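What follows is one structure encoded as structure tokens, with my remarks underneath.
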There are 2 protein chains.
Amino acid sequence: MGYPSLPHDHGEAFEKEMGAMPPLESFGTLASIFKELGDESRLRIFWLLCHCEECVINISSMVGMTSPAVSHHLRQLKSGGLITGMRRGKEVYYKAVDTQKARLLHSMIEGMMEIECPWEGPVR
Amino acid sequence: MGYPSLPHDHGEAFEKEMGAMPPLESFGTLASIFKELGDESRLRIFWLLCHCEECVINISSMVGMTSPAVSHHLRQLKSGGLITGMRRGKEVYYKAVDTQKARLLHSMIEGMMEIECPWEGPVR
DNA sequence: CTTATAATTAAACAAATGCTTAATTGTTGA
DNA sequence: TCAACAATTAAGCATTTGTTTAATTATAAG
């Protein structure tokens, strides 16, 4: 009771089946987090910055992109709260932040790599 | 040796810092997985189908979208290997598949909800 | 102050994405 | 076989997105 009835009743109570649905807002928040990593270039950059701290030019070199393009992605990752940048001299060094969110995403990436990407890792 | 040298040498050896980078292909694979969940509507639908099995009309009703729109997302989630659909009579019932990949994504969603979405859950 | 290098910002554009409406296919029951 | 309902597909469109090139800002060194 209190629940909107569905067009079709297949016998199962809505709330019993799945509990309450999180609010729309939560899905929006989460989707935008996944969207951050839903781009190959940005995912590589984030992965990179989980493993080292580097300046824009070196990042550009590592991922084979122009620095404006990299800068663009860095800004998104930064505003998404996944990385930070600090200027030292002429260069700005970026690295992943150390938060629950960033750690969870990183471990998620590594875990999914193991499951979905048949790659043996660096030569031993 | 054997490594492309970076434009700037900041003293740290490339390989020591971060190990070998997974191949580009792996990042592409992973990015497309994250892209699946990088849309609010699709994320809701996937979450829903992790918690119950439903026909298209009911899904449409639950997420407040037209059935063509839902069908569109269902096809993507299906081709992404996250859900399956089976026809029973006039209806096609969809639910999340039971694979490592889908389970990891689901637990990731729930974990991230806890961290990032200040919501107390269903009334007890 | 001037020059060189690093990084960001802006403008422009092609490509991809998600939704709408309309048409089509599939299934059931009269 | 026909009518009703469920689902998918197709076409069209507006929006978003990622990249490029060019211009601008920031810092260090001569």
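Please read these numbers as outputs of a predicted model, since none were measured by experiment. Here is the naming used below: chain letters follow the sequence lines, and residue numbers restart at 1 for every chain. Below, each value reflects all heavy atoms present in this structure, side chains not excepted, and no hydrogens, waters or symmetry copies.
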Rounding to an integer number of Å, can you tell me how far [X] [atom1] sits from [N] [atom2]?
| X | N | atom1 | atom2 | answer |
| --- | --- | --- | --- | --- |
| A:Arg87 | D:dA26 | CZ | P | 9 Å |
| B:Leu77 | D:dT8 | CG | P | 12 Å |
| B:Glu54 | D:dA7 | CD | C1' | 15 Å |

- B:Tyr94 near the nucleic acid: base, sugar-phosphate alone, or nothing, with a heavy-atom cut-off under 4.0 Å?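 Sugar-phosphate contact only - B:Tyr94 comes under 4.0 Å of backbone atoms but never of a base.
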- Which one of A:Leu82, A:Val92, A:Ile83 satisfies the side chain to side chain contact (heavy atoms under 4.5 Å, CB included) criterion with A:Leu74?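 Of the listed options, the one satisfying the test is A:Ile83.
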- Short side-chain to backbone donor-acceptor contact, A:Arg87 and A:Lys90, under 3.5 Å: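 Confirmed, A:Arg87 side chain pairs with A:Lys90 backbone.
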- Item | Nearest heavy-atom neighbours spanning B:Cys117 and A:Leu30 |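 For B:Cys117 versus A:Leu30, the nearest heavy atoms are SG-CD1, 3.7 Å.
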- Task: List the atom of A:Glu116, the atom of B:Ile33, and the distance in Å for their closest heavy-atom pair.
- Result: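 Between these two residues, the closest heavy atoms are CG-CD1, 3.9 Å.
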- Query: Could you walk me through whether A:Ser60 and A:Thr66 pass the side-chain contact (heavy atoms from CB on, under 4.5 Å) check?
  - Reply: CA-CA 6 Å; A:Ser60 302; A:Thr66 65; over 6 Å; no
- Message: So, taking the atom named CE in A:Met62 and the one named CG in B:Leu6, what distance separates them when rounded to the nearest 0.5 Å?
- Response: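 The CG atom of B:Leu6 is 4.5 Å from CE of A:Met62, to the nearest 0.5 Å.
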- Just grab all the side chain to side chain donor-acceptor pair (under 3.5 Å) pairs involving residues 29-41 of chain A, residues at least two apart or on different chains.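 Output for this query is empty, none listed.
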- Query: So do the side chains of A:Phe46 and A:Ile109 get within less than 4.5 Å of each other, counting heavy atoms only?
  - Reply: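 Answer yes - side chains close enough.
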- Note on the structure: In B/S/- notation (B base, S sugar-phosphate only, - none; protein heavy atoms under 4.0 Å), nucleotides 12-20 of chain D written 5' to 3' is -----SSBB
- Message: Please identify the 5'-most and 3'-most nucleotides of DNA chain C with any atom under 4.0 angstrom from a heavy atom of chain B.
- Response: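 Footprint of chain B along DNA chain C, 5' to 3': C:dA6 to C:dT28.
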- Query: Is B:Arg75 near enough to D:dT9 that one of its side-chain N or O atoms lies under 4.0 angstrom from OP1 or OP2?
  - Reply: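 For B:Arg75, the contact criterion (side-chain N or O under 4.0 Å from OP1 or OP2 of D:dT9) is met.
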